[in-house]
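Start at 1 and go down the list; that is how both ligands and their atoms are numbered.
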Amino acid sequence: MNFYDSEKMVDLLKPLGYELHNDGDDADIIVLNTCHIREKAVEKTYSELGRIRDQANLRKEKTGKKTIIAVAGCVAQAEGDQIMKRSPWVDIVVGPQSYQNLPELISKVDPIEKNKLISIDFPVIPKFDQLKSKITQRGPSAFLTIQEGCDKFCSFCVVPYTRGSEYSRSIYSIIDEAKKLIDAGVKEITLLGQNVNAWSSKGKDGKVWRLGSLIKELAKINELQFIRYTTSHPLDMDLELIEAHRDIEKLMPYLHLPLQSGSDNILKLMNRKHKVDDYLKIIEKVRNYIPNIAISGDFIIGFPGETDKDHDATIKIIKEVKFSQAYSFKYSVRPGTPAAVFFNQVDEQIKSSRLQEVQNILREQQFEFNKKSINSVIKVLILKNGKKVNQYLGRSPQNQSVYFNHEKENLIGSIINVKVSEAFQNSISGSIV
Ligand code: SAH
Ligand code: SF4
């Protein structure tokens, strides 16, 4: 989502005459876009700001020009004016719901008076209604945020505090943005949301639409070839979405559905509001409808109170579900969330060894999943060049990285068939058919 926000900020600043510069040494503005989901984000932000200060000072010495320094994202939201206190060289602090104000804030920066500009209120007019900027160049695959914020308040999570309450964009603004992305050369769109499948809005027919209907509508855009979405929540998985997977060819057979823990006790303490069995039933149903679907997930290891028995339950579920790939993280304390003050925090070493065990199994499962692709022919969208000469990297329908070689013409953005011949831990490779 930060990646999407960063692209939007670039779009917003283009009309002011700014261009994206990958190296900050001679930039007029440096925007540090931050994530707060796990620990260390705050300290990382401050140390990065120290580096940026040195960069800006050097530029000033060399050229006499001031570099405007802005901090955006969820650390900006959570820290607010603390950032100005600890790093007084920062000019702008802007939260994830107010970055549409960046052009105005930049215009107010006074190079001599050192005025400080902070914009972290949750706006009354939703951000998206004010983000009417033109879409500049994108690669073959782009993100499109359709839903933001969250009202679920899992006890470990900062999202409801930093991104605000749940909000769904209107169908019209989503379709409009999708069409603009297509005009900018995009072939694949990944719909984004903290809980993307909680999206709902009034449809063309006056009825309330959910994600499945939205995907059906988006699939009507001819040039749009591949549709994905992330991240889903088990409580918001409905039949309409599962049917959309079955019926809409453009919707890729990949579902990222976090479980967080395989223990009902822990799920309860996490305030997830569902049981392990509910998750298993969803997976069973999804696999009945779409047998080849790749299942991914998220796990938090070492949540306060997690016992060996709870951990074993997580291992058992992972073995039962067989993920194509999944993300796992050590629980990290987020100040201001309920779990931060739970008494029975788990020892760091225990967390680490449990995480290792989980990741070893997930790695094995990913390799096994990749091996199953050998000898199949898959439709691949070519995203970029690989590291080796004449090598290309694309994405398979089941969200695997696919490598192959090709000489002659540039294939980036093309859709081709690849016959898979080899499988690795994190990727598969083959040749064009
Ligand atoms: N809305 C999604 C997840 C969004 S946050 C859901 O509810 O499933 C993305 C992932 O970050 C989470 O799935 C979780 O696994 C991880 N995460 C969030 N807070 C965390 C914390 N305090 N410690 C460790 N991992 C965390
Ligand atoms: Fe965070 Fe997801 Fe829980 Fe919302 S549902 S609080 S985003 S983990």
Side-chain angles (χ1 to χ4, degrees), residues 1-5 34-42 44 73-75 77-78 96-97 143 145-168 190-199 211 229-237 241 255-263 266-276 278-279 282-283 295-306 310-311 314 317-318 321 323 325-342 345-346 348 350-352 354-355 358-359 362:
M1 192 161 277
N2 272 26
F3 193 88
Y4 172 88
D5 290 340
T34 59
C35 175
H36 202 224
I37 195 83
R38 282 176 292 277
E39 234 170 333
K40 300 205 180 92
V42 176
K44 262 194 219 162
C74 292
V75 175
Q77 186 68 39
Q97 296 307 341
F143 292 121
T145 294
I146 63 165
Q147 181 278 337
E148 255 196 301
C150 181
D151 295 333
K152 291 194 168 65
F153 290 92
C154 300
S155 61
F156 53 81
C157 182
V158 283
V159 168
Y161 311 96
T162 53
R163 289 262 170 183
S165 53
E166 193 176 299
Y167 169 77
S168 291
T190 301
L191 305 172
L192 292 183
Q194 261 87 26
N195 288 314
V196 73
N197 57 343
W199 178 88
L211 185 58
Y229 59 94
T230 198
T231 295
S232 299
H233 193 291
L235 287 182
D236 296 309
M237 262 333 273
L241 182 56
L255 172 65
H256 178 222
L257 195 66
L259 174 60
Q260 315 299 1
S261 170
S263 152
I266 297 295
L267 287 183
K268 190 149 192 250
L269 290 168
M270 286 177 164
N271 193 28
R272 291 292 287 182
K273 300 191 184 87
H274 69 80
K275 296 197 168 175
V276 174
D278 300 321
Y279 184 90
I282 296 170
I283 299 299
I295 305 287
S296 166
D298 287 354
F299 290 93
I300 295 181
I301 309 303
F303 184 81
E306 186 189 77
D310 295 321
H311 172 66
T314 299
I317 292 303
I318 293 176
V321 172
F323 291 90
Q325 160 265 354
Y327 305 93
S328 50
F329 320 95
K330 270 197 249 180
Y331 167 73
S332 74
V333 173
R334 310 313 296 123
T337 60
V341 292
F342 287 2
Q345 301 287 331
V346 175
E348 270 308 303
I350 297 180
K351 274 192 215 172
S352 299
R354 285 181 187 164
L355 183 71
V358 164
Q359 291 191 335
L362 288 173

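- The shell of residues lying under 4.0 angstrom from ligand 2, judged by heavy atoms, excludes R163.
- Neither the backbone nor the side chain of V333 has any atom closer than 4.0 Å to an atom of ligand 1 (non-hydrogen atoms only).
- Neither the backbone nor the side chain of K152 has any atom closer than 4.0 Å to an atom of ligand 1 (non-hydrogen atoms only).
- At least one N or O atom of S332, backbone or side chain, sits closer than 3.5 Å to an N or O atom of ligand 1.
- Using a cut-off of 2.8 Å, one finds that C157 contributes an N/O/S atom close to atom 1 (Fe) of ligand 2.
- Of all protein heavy atoms, the one lying nearest to atom 11 (O) of ligand 1 is R38 NH1, 3.1 Å.
- With distances taken over non-hydrogen atoms, the option nearest atom 26 (C) of ligand 1 out of I300, I301, V196, N195 is I300.
- In this structure, F299 has its ring center closer than 6.0 angstrom to the ring center of F323.
- Close placement of the Y161 and F153 rings is indicated, their centers lying within 6.0 Å of each other.
- The nearest protein atom to atom 10 (C) of ligand 1, hydrogens excluded, is given as D298 OD2, 3.4 Å; this is a heavy-atom distance.
- Note: an N/O pair closer than 3.5 Å links F156 and ligand 1 by distance alone.
- At the shortest separation from atom 14 (C) of ligand 1 among protein heavy atoms lies Q260 OE1, 3.5 Å.
- When Q194, R272, K330, H233 are ranked by how near their heavy atoms come to atom 8 (O) of ligand 1, first place goes to R272.
- Nearest to atom 5 (S) of ligand 1 among the protein's heavy atoms is I37 CD1, 3.6 Å.
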Salt bridge (charged side-chain N to carboxylate O under 4.0 Å, His left out) between K330 and E348, intermediate numbers included: CA-CA 9 Å; K330 270 197 249 180; E348 270 308 303; 3.3 Å; yes
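- Using a 4.0 Å cut-off to heavy atoms of R334, the atoms of ligand 1 that qualify are 22 (N).
- Contacts between F153 and ligand 2 below 4.0 angstrom, taking non-hydrogen atoms only, involve the backbone exclusively.
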